[in-house]
Amino acid sequence: MIVKTKNLSKIYQSGETEVHALTDASISIERGEAVAIIGSSGSGKSTLLHLLGGIDRPTKGKVFIEGEDIYKHNDEALALLRRRRIGFVFQMYNLMPQLNVYENVVLPLGLDGRIVDKPRVVALLENLGLADKHKSLPNQLSGGQQQRVAIARALVTQPAIVLADEPTGNLDSKTSVEVLNLLRASASKLGQTIAIITHDEKAAQFCDRILRIEDGHIREG
Amino acid sequence: MKLSALAWKNARQSVSIILMIALASMLICSVINLGISAQRSLVDSILEYTGDNQVRLENITEEQAAQVLARQEVALADLHLAPRGLGNPADDAEKNIGLLYSSGLGQVANFTLTAGRAPEAVNEAVIPPHLAELLGVEPIVGAEFEIFYRQQNSDRTLAEAVPMRFVVSGVLQEQRMYAAMSLYDMFISKTLAKQFDFERRLYLRFHTKYDPRSTAVRLAEDIGLADKDVSFNESYLTADLNDMAAVGFITVLLLILGAAGALVVYNAYNLSVVKKVHQYGLLTVIGAAKTQIYRCIYLEALYCAGAGLPLGLLGGTLFGYAGLFALNRVINVPMRYVVTPAAYLISAAVTLTMVWIGVTRPARRASRIAPVEAVRFSSPEEKASGRKTIENVTLNALVKINMSRSKRRLLGTVLSLAFSGILFLGFSTVAFSMADSAGNLVAQAMPGDITVTVGQYGIGNKTDPLTHELASAIGGLNGVRNVSGFMAQGFVEYADAGDGEKIATIGQKAVGVEPEVMRNILRHVYTGTVTLADLDDPHNVIAAVPDEATIAFYIREGIGYDKIIERYVVGAALGFELFDDSRYQAAGKTVSLNIIGLVRQDDIPPYVNTISLFPMFYMPQKSFAALGWDEAYERLVLRVDDERHEDIYAAVGQLCGFELSVESFKRMKDELSRQLTGIIVIVLLMLAVIALNGVLNLVGATFMGIEQRKKEFGVLMAVGLSRKSVGRLLIREGIWVSLLSAALSVVFGLGLGLVLYHMVVYAGADYLHFEFPVWPLLSLFGVLGFVPYAVTSWAARKLRRSTIVELLGRWV
């Protein structure tokens, strides 16, 4: 079991009202598994991803990554955990605009003080079809290319899990298929666990298992 | 929505820009107000102190005065009858009151009556308020007071003091310069003045079509008055309300302030344009023309200036007033605060020009934003750079990349900070050297630790007050190590100016010195070897010539100086008429002096307090005796024990009468240092306002930069950077700004300091020696090191309050 949540809940305060974004979500994801979390807009899927990735804190419940309760850590340790065990792919790519492709990919390694294994990074870029783009800045790339850079950045640290939030939400259907194929292929090749959040049934079909989320409640299938 | 409405909306959100404009205009307005006030006060003080007359005729007879008054050239005449005597308050024999009849009382500029009328009866007087205060009476008509008056006898001694009672017939407008200098004059009736032995003087101003100098000389010739009795009110003649040097100085200052302000406005609008790139892009998408966007930003800037300018003008008025108040306190010269509409018009014009210059480039940039910028989300600033790929993107590498990604913004921030640093270091380099050279400046005027000098305005025909007996008494004081006495004899030489005109070279002096001093002077002779024995002939003298720059200056002035000065060479035998001064008792005699050696005035100490355009002569004191000249001293120079300095100063003051001026090197140096420090503090305060603008700019740039880069920080945190590390990243960026600003400030500030230093020296401040500005440099490092650090730390702390989700925004 690589990821496990137990009664995970998140309540936001919106003025006087409480918004129950996620209620008692208990899920588990096996090592090497690709899971799609599908739901409509406002269903709580992004909240679930934030909580799985340690970028928000739950109101109640726990998240275990490789058996470790991640929210028992302080901010510093949580940052370390994100750096080493989690990879993110965002809908809007969220690349650093001042860094070129290569630098964006090696950024998590550099911040972790790790020595960059250049041949491995180059191979990763080649796998993702970015071999001739490693000196380009993000704004010189198409959306699909930028998302491939984001995937490379998420995979480079060989994290316990890659969390992808609507990775094709900003791409056309042809590019979406390409990106999902690459994400899936790269993950398989590296034995990587993936959780994809999407509202697109077609995108969900690329995964081994589908979890549905509705009004903050999770159900299998 | 109209574009003007959008500009208005934007302007309302630009509080920091409004504040920056307000600060800049505040400085501009205060500088103009201070400049005008100083200039007007200078003219005021000249009018107050010397009057609005151009020429003074002395020793004039009643008949001669009548002839002058009948001349058509004369526009204003003020006849003075000055009794040769002194008054004292009943309870204070140390304070002297001059008695004077003035026919111009109530009519001339410096003698304005605020109440009552000119005195007519013998017991009537007009007094200024500061004299009323000294006498302990109310400055009102009808007040009565008593003084003790000492008339001068024919043998130049003073008669016994006699009490005199007066009733105030009028009150004079306060003479602020006189009050500041503790000088007291009371105005008496003509009838009373004529009861004493008096001097008659006539002050004149000619109609504007007449040249005052040539008219006065011609007039003196016509009535048979000697040249030496004609003197000019140089202060009045050279005072100019539109003094070009002052105007030039203020203009340069305004240019500097305007440039600093424009830089800040430029940087602020540059950032604003970057922040609103989507807004301007969207405007172009929906069809706004380039000129409309251009106009929109100009309007926004105009609205900001409209809000900032009144604040700035108000602040400038108050700041200028505070500055003038401080200056008055520091240099003890009364200046009045002058506020004119012109000052505000100029301030507004300079501020608006500054805003216009500052906003032009950013506005042009905004108008060129492509519509595509509005619909894409990556920063429009990122451009493909040719830099080498960084293999390992560490925190430091990220800092470096961030610093180089927006060179324009970085440059703007660094320049606006460095600008104040450069000005600070530049001015403080000179100021530091000046403060440190205060001793040199004082040493130019006085040798030794304490000097006793015969006052220039002693009572006519009185016996020399600085006698050998007094010198011995002073020499006997405990702690006095050495007393050197200097004798002096004034001359008049009627030299040929080369064009047939005779020029009276008044102001020349022969100085009798002790053998030890003479030996020192001989060491500086640069025209061969002269020994003490060569000066055995009492007619042999050493001439001390002014420095070449002074000679060149007077030659340029074209007053025939070249013809005069060229005769002062070794071997020259020159004839002089001894000056008929009150203290020199050889009036009417002549003497021939032989120059046997030359020294430069700058090479020897200022043994006598005469600043002469003409060479001074030095000779042994025994020559004075041989020539039958007055052997009383002109000046005593004392060397004293340091720890006894103040006691000796007080004791010498007790021993010396009112005709002697006792000066302490230490006190003069301290006073000068105090004044210089005060001026430096005031200048630094003004620079602090420029620096404040720079800091505001830095705060704006930092927070705007963080606002723009929020998502980046979110991404960095998402990929594993802790909040602390993000803070560290920001602080390191701040440190880079500090380093760059400090480096620019040091290089250009020291450069500016050196240039200013040489300019000041070139302008005549040869007492200055260059002092490396250690403290200003350390303070600069302190401020430039602390401010960016503090600002970025503050920003980092604020950033820490945002969650990663908030930072990433809706795009996560």
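Residue numbers start from 1 in every chain, and the chains themselves are labelled A, B, ... in the order their sequence lines are given, proteins ahead of strands.
- Side-chain contact between A:Leu80 and A:Arg84 is present, with heavy atoms from C-beta onward closer than 4.5 Å.
- Contact of the A:Val149 side chain with the A:Leu141 side chain is registered, since non-hydrogen atoms from C-beta on lie closer than 4.5 Å.
- Interface remark: of the candidates A:Asp56, A:Leu78, A:Leu81, A:Asn100, A:Asn100 forms the most heavy-atom pairs closer than 4.5 Å to chain B.
- Each of A:Gln146, A:Gln140, A:Gln145 was scored for a side chain to side chain donor-acceptor pair (under 3.5 Å) with A:Ser142, with one residue passing: A:Gln145.
- With a 4.5 angstrom heavy-atom cutoff, B:Thr803 does not touch chain A via any of its atoms.
- Residues A:Asn104 and A:Pro138 are in side-chain contact: their nearest non-hydrogen atoms beyond the backbone lie under 4.5 Å apart.
- Proximity to chain B (any heavy atom under 4.5 Å) is restricted, for A:Arg153, to the side chain, taken from C-beta onward.
- Heavy-atom neighbours of chain A within the stretch residues 715-730 of chain B, taken at a separation under 4.5 angstrom, comprise B:Val715, B:Leu716, B:Met717, B:Ala718, B:Val719, B:Gly720, B:Leu721, B:Ser722, B:Arg723, B:Lys724.
- When the shell of 6.0 Å around OH of B:Tyr789 is examined, it contains 12 or fewer heavy atoms from other residues, nucleotides or ligands.
- Counting heavy-atom pairs closer than 4.5 Å to chain B, the top-ranked of the candidates A:Val106, A:Leu95, A:Leu109 is A:Val106.
- Atom CD of A:Glu68 has more than 12 heavy atoms from other residues, nucleotides or ligands within 6.0 Å.
- Checked by atom type, the side-chain pair A:His134/A:Glu103 shows no donor-acceptor distance below 3.5 Å.
- Annotation: side chain of A:Val116 is in contact with side chain of A:Tyr102 (closest heavy-atom distance under 4.5 Å).
- If you tally non-hydrogen atom pairs under 4.5 Å between each of B:Leu395, B:Asn402, B:Ile390 and chain A, the highest count goes to B:Ile390.
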